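Take a look at the structure set out below.
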Amino acid sequence: MTQYLLSIYQPDGPAPDPEFLEPIMRDLAALNVELQAAGAWVFAGGLHPAESATVLRPSDGEILVTDGPFTEGKEHLGGFTVIEAEDLDAALGWARKLAGVTTLPVEVRPFQH
Amino acid sequence: MGDHGADDAATEADIARVFRLEYGRAVAVLTRTFGNIDIAEDAVQDAFAAAVQHWPSAGVPPSPAGWIITTARRRAIDRLRREASREDKYAQAALLAAARSGTGPAPAADEQFLAEQSGVEDVDDDTLRLIFTCCHPALARSAQVALTLRLLGGLTTAEIARAFLVPEATMAQRLVRAKAKIRDARIPYRVPKGAELPERLQSVLAVVYLIFNEGYTAGPADSPARSELCTEAIRLGRLLASLMPDEPEAAGVLALMLLIESRRAARFAADGGLVLLAAQDRGRWDSALAAEGQELVRWCLRRNRPGPYQLQAAINAVHSDAATAGETDWAQILQLYDQLLAVAPGPVVALNRAVALAELRGPVDALAAVEGLGLENYYLFHAVRADFLVRLRRYPEAAEGYRRALALAGSAAERRFLEGKLRSPAFGGAGAV
């Protein structure tokens with residue numbers, strides 16, 4: 001079994017309306033239950049907005065602390081799920097569900113083990 | 001050369017032939033045995049190096065494939081045992097995988113094993129697994145193509161780099177990254193089933209046809225490595241069609257490639273310029289390749305499960321049926337393009353359909369059909385449109401079209417063809433370019 005990080009990327013800007021988010025959060029909770037029932041769930045969490053991030057950067061023997069996020073782009077990491085799966089096809093199967101539920105792009109990456 | 005007389009002695013050509021036929025199958029079997037592509041490749045290369053040493057004197061063994069697989073397996077196990085004793089975790093994992101596969105550390109008698117029907121089926125299954133792994137959608141298309149040529153075609157990294165006009169170091173890095181992704185992300189070694197299969201098969205067929213197209217665009221002025229891609233793609237197409245007899249699209253892509261390839265000798269003029277279908281010397285078409293393609297098209301028609309490759313093959317079969325360009329059954333071609341547009345809508349299909357429309361209903365309808373296709377960056381769009389304009393005697397617009405096509409054309413053969421068009425007296429002669 002391999003563990004995979006499923007990162008959910010969301011566009012920058014204000015959060016969507018609660019009426020839009022509410023069914024998504026409900027489906028997401030149901031997916032987490034499904035992952036747990038299948039023994040594939042390791043960890044999952046949503047993150048506060050990217051503006052809440054702080055970056056620490058080693059420089060000349062010092063650690064500089066600056067306001068985040070680390071990369072400025074059009075999207076940021078909105079949340080992630082860690083799963084355990086037999087192989088990439090199985091992981092992609094779960095990631096497909098996650099992308100469908102969140103309506104957001106999902107990146108799948110294997111953990112080193 | 002050897003002690004066994006000229007009949008038994010293997011020549012370099014014999015070994016090269018076995019290599020072409022068996023390299024991919026051997027890598028496929030060894031990949032399953034050891035669960036690792038790099039180990040499989042190294043082992044199969046070792047085995048062929050051993051064949052080059054032994055076969056010239058000892059002769060080609062009765063089952064060359066069995067000999068290669070047995071030798072590769074033994075050498076891999078010897079090497080892995082040495083590495084495993086030095087705490088190499090990949091080597092240990094590979095030995096474990098080999099032991100689990102049941103034919104591991106004590107190699108079974110592969111020659112008998114392969115001779116039995118079940119053994120051949122196993123090799124076929126492994127070959128299909130390797131094809132689907134190489135063409136896995138989690139890999140970039142360029143990596144899928146490179147892996148397929150490397151692992152199934154046995155092409156060297158240098159050969160693939162030459163064929164795709166990239167530096168060898170770039171191609172080497174592309175292959176290393178792709179194999180690392182297969183290993184690290186655990187891309188499975190499996191033939192997809194059920195609902196997954198159609199989409200995954202599309203990816204495999206697209207890779208084979210892309211390899212063919214790379215070779216197809218190469219003219220006499222290009223390196224032979226490029227046109228040899230067509231031969232390689234057809235070899236892969238035959239393999240795929242034989243391994244997936246229930247998939248008419250696999251037969252379709254093979255038929256399409258055979259029919260297009262049958263016209264290779266007629267497709268280029270003496271000066272290296274492109275010769276369009278209508279102007280080709282049909283006596284120079286390869287009738288054996290065409291007949292094979294047409295037979296496959298008929299087989300597909302009987303199966304009655306049409307798909308984009310089968311329909312394109314059928315269109316090409318209609319062209320191959322016509323002894324002269326004037327005898328082309330354009331009505332049938334238009335009907336096939338209508339079907340193709342229904343299953344695979346797209347502007348390039350619409351452009352090709354317009355060519356048939358021009359033959360049947362004239363250039364006015366055809367010109368109207370190509371407006372608004374959004375193909376302004378595609379050289380053939382301008383060339384086809386210019387051809388309709390010539391038929392309407394709208395020469396200045398036609399010349400402008402050919403010039404725009406010339407600016408966008410990718411290959412030397414295409415450019416030579418378009419320069420020839422622009423030298424036509426209708427455009428005021430030689431000065432028009």
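Proteins get letters first, then strands, A, B, ... in listed order; numbering begins at 1 in each. Everything numeric here is computed off the predicted structure, so don't read it as measured data.
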> Which residue pairs pass the side-chain hydrogen bond (donor to acceptor under 3.5 Å, both in side chains) test with at least one member in residues 245-254 of chain B, sequence neighbours excluded?
Replying inline: B:E249-B:Q310
>> Do B:L240 and B:L254 have side chains that approach each other closer than 4.5 Å (heavy atoms only, starting at C-beta)?
In response: no
>> Within the 4.5 Å heavy-atom criterion, are B:R25 and B:D126 side-chain neighbours or not?
In response: no
Inter-chain donor/acceptor N,O pairs below 3.5 Å: chain B to chain A:
unit_1: B:H136; atom_1: NE2; unit_2: A:D89; atom_2: OD1; d: 2.6
unit_1: B:A185; atom_1: O; unit_2: A:Y4; atom_2: OH; d: 2.7
unit_1: B:R186; atom_1: O; unit_2: A:L88; atom_2: N; d: 2.7
unit_1: B:R186; atom_1: NE; unit_2: A:T2; atom_2: OG1; d: 3.4
unit_1: B:R186; atom_1: NE; unit_2: A:E86; atom_2: O; d: 3.3
unit_1: B:R190; atom_1: NH1; unit_2: A:D89; atom_2: OD2; d: 3.4
unit_1: B:R190; atom_1: NH2; unit_2: A:D87; atom_2: OD2; d: 2.4

> At their closest point, which heavy atom of B:A84 faces which heavy atom of B:L95, and how far apart are they?
Replying inline: CB-CD1, 3.8 Å
> Would you call B:R75-B:D42 a salt bridge at under 4.0 Å N-O?
Replying inline: no
>> So for atom CE, which belongs to A:M1, do other residues, nucleotides or ligands contribute more than 12 heavy atoms lying within a distance under 6.0 Å?
In response: yes
